[in-house]
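Labels below follow one simple rule: chain letters A, B, ... track the order of the sequence lines, proteins then strands, and each chain is numbered from 1. Remember, predicted model here, so these are calculated numbers, not experimental data.
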Number of protein chains: 2
Amino acid sequence: MNRNIKITIIEDDETIRNGYAYLIGATEGYEVVSTYCSFDEAIKKIGADHPDVILLDIELPGTNGIDAIPKLKKILPQCFILILTVYESEKLIFNALGNGASGYLTKNTPSAKIIESIKEVKEGGGPMSINIAKLVIRSFQKNQESPLSKRETQILELIGEGKSRSQIAKELFIDLETVRSHIKNIYNKLDVNSRADAIKMAKQNKLI
Amino acid sequence: MNRNIKITIIEDDETIRNGYAYLIGATEGYEVVSTYCSFDEAIKKIGADHPDVILLDIELPGTNGIDAIPKLKKILPQCFILILTVYESEKLIFNALGNGASGYLTKNTPSAKIIESIKEVKEGGGPMSINIAKLVIRSFQKNQESPLSKRETQILELIGEGKSRSQIAKELFIDLETVRSHIKNIYNKLDVNSRADAIKMAKQNKLI
DNA sequence: AAAAAAATCACCCTTTTGGGGTGATTCCTT
DNA sequence: AAGGAATCACCCCAAAAGGGTGATTTTTTT
């Protein structure tokens with residue numbers, strides 16, 4: 001017989017916390033080993049709980065969920081962290097994933113799906129709600145009607161990699177002056193006058 | 001009654017092409033309006049087909065699938081493109097999504113899932129095979145055992161945004177010399193001696 | 001409490017880079 | 001034939017980058 005999947009819930013809203021705990025605990029094969037109302041509470045004892053999966057809220061009193069992720073990972077490196085939140089902000093999601101979260105579910109996710117996601121993540125899959133998947137895909141989509149020409153886009157990409165004019169010139173087999181010329185045109189088109197601003201503008205408008 | 005979802009398949013392998021065409025065509029609500037064995041063939045006539053969804057192979061003779069995406073999008077801006085391939089390379093997937101593909105399915109995807117994905121993408125969802133989702137999540141995960149300190153990582157990130165020492169100093173409310181010092185330490189730890197190399201190394205090792 | 005690591009600042013030095021201006025040529029594509 | 005794209009040239013100067021060396025103060029870890 002398989003061991004139960006051990007789950008810890010960190011969520012400040014008591015109703016939601018108890019709701020999830022009941023929901024998950026009532027499911028065959030799942031076991032809620034502990035619940036906490038904040039990360040700062042959790043950190044004291046969670047090491048002894050050794051859960052397989054942590055359901056982590058983002059908006060917590062004290063240490064927020066995003067900052068909590070790496071600290072939890074440090075104590076429980078093998079543990080999978082599932083973010084459960086109402087927000088769908090691009091930055092938040094990417095930060096959470098970047099910090100070591102294994103998945104991201106919004107709170108409107110049906111309970112069956114949450115149970116399924118816990119199992120998925122435990123087995124090495126990457127659960128993402130359809131909304132998150134959409135967001136991620138959109139975040140990759142470049143602007144199709146860029147004001148920049150192909151060459152200009154290419155050069156802006158290299159600038160984004162921190163390369164100097166001369167490095168770019170070498171890489172593209174063109175003259176240093178040509179690179180300068182392209183950069184001037186880029187600055188004109190984007191209405192900026194520095195590398196940092198050009199990169200910022202380009203990323204905002206998904207030109208690179 | 002709802003209109004059928006119109007599908008075009010661009011795939012060079014005849015067996016696979018016909019297989020998919022049969023499979024999809026036999027499904028209620030789905031209609032294969034055309035099939036092509038290459039993008040260069042397709043481009044001539046696909047405008048008149050106005051499909052809702054294009055199943056696009058990556059490894060095509062002539063123009064490859066990745067380069068084909070923006071060109072297809074230009075002719076059929078409303079059309080969704082689903083990449084169907086054997087490869088799961090990170091770069092390929094991100095390029096495809098960046099060029100305007102709406103989803104990505106590997107060829108071992110069960111046929112039922114393909115049908116479902118077509119519908120999903122048509123309704124604005126973002127279909128991603130579980131493998132792709134994993135890949136995307138992994139691509140966001142930063143290296144947990146970075147040799148760099150927090151401050152160093154932070155500064156390296158700003159360098160990645162093309163910011164100069166003085167800009168970084170202002171942003172972090174520290175002295176220009178301190179920034180220099182951090183950068184020197186970063187260079188030492190990463191064993192590089194330029195911004196571009198540091199960024200490259202950092203991205204390779206997912207330090208930023 | 002001691003040791004190690006991280007973060008802070010200082011001043012030496014030289015070469016490279018960056019950004020602005022202005023203009024010209026060639027090559028494609030429309 | 002016109003316009004955009006890509007190429008190259010030369011003017012200018014201030015700013016930035018990179019290397020070296022060393023020191024102080026916090027913070028973290030042992």
State, to 0.1 Å, how close [X] and [Y] come at their nearest heavy-atom pair, and which atoms those are.
X       : Y       : answer
L60(B)  : C37(B)  : CD2-O, 4.0 Å
A96(A)  : I83(A)  : CB-CG1, 4.0 Å
P147(A) : K189(A) : O-NZ, 3.2 Å
N4(A)   : Y30(A)  : OD1-N, 4.1 Å
S102(A) : V121(A) : CB-CG2, 3.4 Å
I186(B) : E152(B) : CD1-O, 3.4 Å

Measuring from atom [atom1] of [X] to atom [atom2] of [Y], what distance do you get when rounded to the nearest 0.5 angstrom?
X       : Y       : atom1 : atom2 : answer
K163(A) : D197(B) : NZ    : CG    : 9.0 Å
T63(A)  : I69(A)  : OG1   : CD1   : 12.0 Å
I159(B) : S164(B) : CD1   : OG    : 10.0 Å
C79(A)  : K122(A) : SG    : NZ    : 10.5 Å
Y87(A)  : K107(A) : OH    : NZ    : 9.0 Å
I10(A)  : L84(A)  : CD1   : CG    : 12.0 Å

>> Between E41(B) and R17(B) (salt bridge meaning N to carboxylate O under 4.0 Å), is one present in this structure?
In response: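 So E41(B) does not pair with R17(B) through a salt bridge.
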
> Any salt bridge between K203(A) and E90(A), counting N to O under 4.0 Å?
Replying inline: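 No, K203(A) and E90(A) are not salt-bridged.
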
From [atom1] of [X] over to [atom2] of [N], roughly how many Å is that when rounded to an integer?
X       : N       : atom1 : atom2 : value
F173(B) : dA7(C)  : CZ    : P     : 18 Å
L148(B) : dA6(C)  : CG    : P     : 10 Å
K170(A) : dT16(C) : NZ    : C1'   : 12 Å

> Testing L72(B), V32(B), V33(B) for side chain to side chain contact (heavy atoms under 4.5 Å, CB included) with P51(B), which one passes?
Replying inline: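 In the set L72(B), V32(B), V33(B), the residue that makes a side chain to side chain contact (heavy atoms under 4.5 Å, CB included) with P51(B) is V33(B).
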
> Checking side chain to side chain contact (heavy atoms under 4.5 Å, CB included) against Y104(B), which of L82(B), T85(B), I81(B) comes through?
Replying inline: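 That would be T85(B); it is the only one of L82(B), T85(B), I81(B) passing the side chain to side chain contact (heavy atoms under 4.5 Å, CB included) with Y104(B).
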
Check DNA chain D against [range] and give the residues with a non-hydrogen atom under 4.0 Å, in numerical order.
range                       : answer
residues 149-162 of chain A : S149(A), K150(A), R151(A)
residues 64-78 of chain A   : none
residues 180-192 of chain A : R180(A), S181(A), H182(A), K189(A)

> To the nearest 10 degrees, what angle separates the axes at the start and end of the helix from dA1(C)-dT30(D) to dT30(C)-dA1(D), five pairs each?
Replying inline: 80°

> Of all nucleotides in DNA chain D with an atom under 4.0 Å from a non-hydrogen atom of chain A, which is the first and which the last going 5' to 3'?
Replying inline: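 On DNA chain D, the outermost contacted nucleotides are dA5(D) to dC11(D).
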
Table of protein N/O atoms under 3.5 Å from nucleotides 28-30 of chain C N/O atoms:
none

> Parallel under 30°, tilted from 30 to 60°, perpendicular over 60°: which one fits the rings of F94(A) and F140(B)?
Replying inline: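 Answer is parallel, since the angle falls under 30°.
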
> Are any side-chain N or O atoms of K206(B) and backbone N or O atoms of S139(B), one a donor and one an acceptor, separated by less than 3.5 Å?
Replying inline: yes

> Which is true for S164(B) with a 4.0 Å heavy-atom rule: it touches a base, it touches only sugar-phosphate, or it touches nothing?
Replying inline: sugar-phosphate

